[in-house]
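Okay, so here's the structure we're looking at.
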Amino acid sequence: MTWDWEFAFEIFPDILSAIGVTIGATVAAYFISLTLGLVLTLLRRSSFKPLALFVAGVIEFIRMTPPLVQLFFVYFAFDMSPFLTGAIVLGVHYATYVSEVYRSGIESVPASQWEASKALNFSTAHTWQKVILPQAIPPVIPMLGNYLIVLFKETPLLSGIYVLEMLAVAQMIGSETYRFLEPVTIVGVLFLVLSYPSALFIRYLEKRSGQLPGSSEKGVKT
């Protein structure tokens with residue numbers, strides 16, 4: 001199949017019109033993953049061992065099953081809109097990975113910080129809020145930023161439950177015209193154009209936090 005520039009220019013606005021759905025799903029899923037990831041991390045560190053073990057089991061179960069399977073299960077089991085289903089499933093799935101990032105940040109905080117807080121009669125909640133989290137989260141922000149790009153690239157999965165994001169629109173155009181080369185290529189280029197600036201910014205943050213070779217500051221242990 002040869003490339004048809006006229007056809008490519010003709011379908012470009014249609015694919016571009018779906019970019020809002022792609023970005024909206026990414027932002028919603030990212031917010032869910034950041035929030036739920038922190039909750040999972042704190043619950044997993046609970047002193048109530050049955051709760052900690054239960055949360056650990058849930059995390060492993062979600063991580064070990066494909067997001068597409070989870071997407072289909074939730075879509076057919078619950079009466080929710082495809083967009084909401086997609087945002088929730090991707091958000092919950094990646095919350096389990098984000099929780100590991102939070103965990104690495106928390107474990108990088110010296111144990112002496114806990115002891116100092118205890119000596120000052122800080123409550124556990126106060127210690128988390130004022131001492132541990134302010135030190136644990138800033139160093140892992142670059143790693144959290146990477147998950148924004150990962151989530152963005154995973155949004156084509158939502159085409160499986162009829163969310164009209166960019167790839168879904170490209171597939172519709174291909175089915176109607178029997179030409180897939182141009183629509184799929186346009187989708188790939190749009191993903192590259194939108195992802196690359198974010199990747200450069202995250203790399204800048206990594207250098208600032210000392211996670212790349214040659215940087216002057218000490219990075220976070222993972």
Side-chain angles (χ1 to χ4, degrees), residues 1-34 36-37 61-98 101 142-206:
M1 180 177 291
T2 58
W3 178 267
D4 186 338
W5 281 105
E6 184 178 353
F7 178 66
F9 282 117
E10 181 184 338
I11 64 174
F12 181 74
D14 293 331
I15 297 175
L16 194 63
S17 67
I19 200 171
V21 176
T22 299
I23 293 176
T26 303
V27 172
Y30 190 58
F31 175 77
I32 293 171
S33 67
L34 291 183
L36 183 59
F61 174 77
I62 294 176
R63 291 179 65 182
M64 294 300 118
T65 52
L68 187 58
V69 173
Q70 297 166 7
L71 202 60
F72 285 141
F73 174 79
V74 175
Y75 179 69
F76 290 114
F78 300 95
D79 185 20
M80 293 192 298
S81 73
F83 180 88
L84 186 60
T85 300
I88 290 175
V89 170
L90 285 183
V92 171
H93 185 82
Y94 280 94
T96 60
Y97 291 91
V98 168
V101 175
M143 286 185 283
L144 295 176
N146 280 321
Y147 280 109
L148 177 61
I149 297 177
V150 172
L151 274 170
F152 180 58
K153 292 189 295 185
E154 291 283 29
T155 52
L157 289 176
L158 306 188
S159 64
I161 57 171
Y162 314 112
V163 175
L164 291 180
E165 45 71 57
M166 292 192 292
L167 185 62
V169 173
Q171 288 175 321
M172 289 175 59
I173 293 172
S175 299
E176 293 172 356
T177 62
Y178 300 103
R179 292 192 66 89
F180 288 91
L181 177 62
E182 292 85 355
V184 170
T185 303
I186 291 172
V187 170
V189 171
L190 285 175
F191 269 99
L192 175 64
V193 169
L194 293 171
S195 299
Y196 194 62
S198 301
L200 290 178
F201 181 66
I202 290 168
R203 190 172 179 82
Y204 167 76
L205 291 178
E206 288 174 340

Legend entry - With Tyr94 via ring-ring contact (aromatic ring centres under 6.0 Å, His included) - residues at least two apart: Tyr97
Legend entry - Test side chain to side chain contact (heavy atoms under 4.5 Å, CB included) applied to Val89 and Tyr75, step by step: CA-CA 9 Å; Val89 170; Tyr75 179 69; over 6 Å; no
Inset, instruction - Looking only at non-hydrogen atoms, find the nearest pair between Ala8 and Trp3 and report the distance. - result: CB-CZ2, 3.7 Å
Legend entry - Spatial distance of atom CD (Glu10) from atom CD1 (Ile173) [nearest 0.5 Å]: 9.0 Å
Inset, instruction - Grab the two heavy atoms, one from Met166 and one from Leu190, that are nearest each other, plus how far apart they are. - result: SD-CD1, 3.6 Å
Legend entry - Closest non-hydrogen atom pair, Val187 against Ala170: CG2-CB, 3.6 Å
Legend entry - Sub-4.5 Å side-chain heavy-atom contact between Leu157 and Pro67: yes
Legend entry - Main-chain N/O of Pro156 paired with Ser159 side-chain donor or acceptor, under 3.5 Å: yes
Inset, instruction - Look only at the side chain of Glu182 and the backbone of Asp4, and say whether a donor-acceptor pair between them is shorter than 3.5 Å. - result: yes
Inset, instruction - To the nearest 0.5 Å, tell me how far Phe73 CZ sits from Thr85 OG1. - result: 12.0 Å
Legend entry - Side-chain heavy-atom pair Pro183, Phe7 within 4.5 angstrom cut-off: yes
Legend entry - Any side-chain heavy-atom pair of Met80 and Ile88 under 4.5 Å: yes
Legend entry - Centroid separation Phe191 to Phe152 less than 6.0 Å: yes
Inset, instruction - Begin with the C-alpha distance, continue with both residues' side-chain angles, and end with the deciding distance and a verdict on side chain to side chain contact (heavy atoms under 4.5 Å, CB included) for Leu164 and Val21. - result: CA-CA 7 Å; Leu164 291 180; Val21 176; 5.5 Å; no
Inset, instruction - Could you tell me whether the side chain of Tyr30 reaches within less than 4.5 Å of the side chain of Leu90, counting heavy atoms only? - result: no
Inset, instruction - Find the distance between CZ (Arg203) and CG (Asn146) and round it off to the nearest 0.5 Å. - result: 10.5 Å
Legend entry - Side-chain heavy-atom pair Ser33, Leu151 within 4.5 angstrom cut-off: yes
Legend entry - Donor-acceptor under 3.5 Å (Glu165 side chain, Leu158 main chain): no
Inset, instruction - Please indicate whether Tyr196 has more than 12 foreign heavy atoms, meaning atoms of other residues, nucleotides or ligands, lying under 6.0 Å from its OH. - result: no
Legend entry - Atom of Ile202, atom of Ile149 and distance for their closest heavy-atom approach: CD1-CD1, 3.5 Å
Inset, instruction - Please examine the side chains of Thr22 and Leu194, heavy atoms only from C-beta on, and report whether any two atoms are closer than 4.5 Å. - result: no
Legend entry - From OG1 (Thr26) to NZ (Lys153), nearest 0.5 Å: 12.0 Å
Inset, instruction - Could you tell me the separation between the OH atom of Tyr162 and the CE atom of Met172, rounded to the nearest 0.5 Å? - result: 12.5 Å
Inset, instruction - Determine the minimum heavy-atom distance between Thr155 and Ala25, stating which atoms define it. - result: CG2-CB, 4.4 Å
Legend entry - Min side-chain heavy-atom separation Leu68-Phe72 under 4.5 Å: yes
Legend entry - Value rounded to 0.5 Å, distance of CE in Met64 from OG1 in Thr96: 8.5 Å
Legend entry - Closest approach of Gln70 to His93 (non-hydrogen atoms, all atoms of both residues): OE1-ND1, 3.1 Å
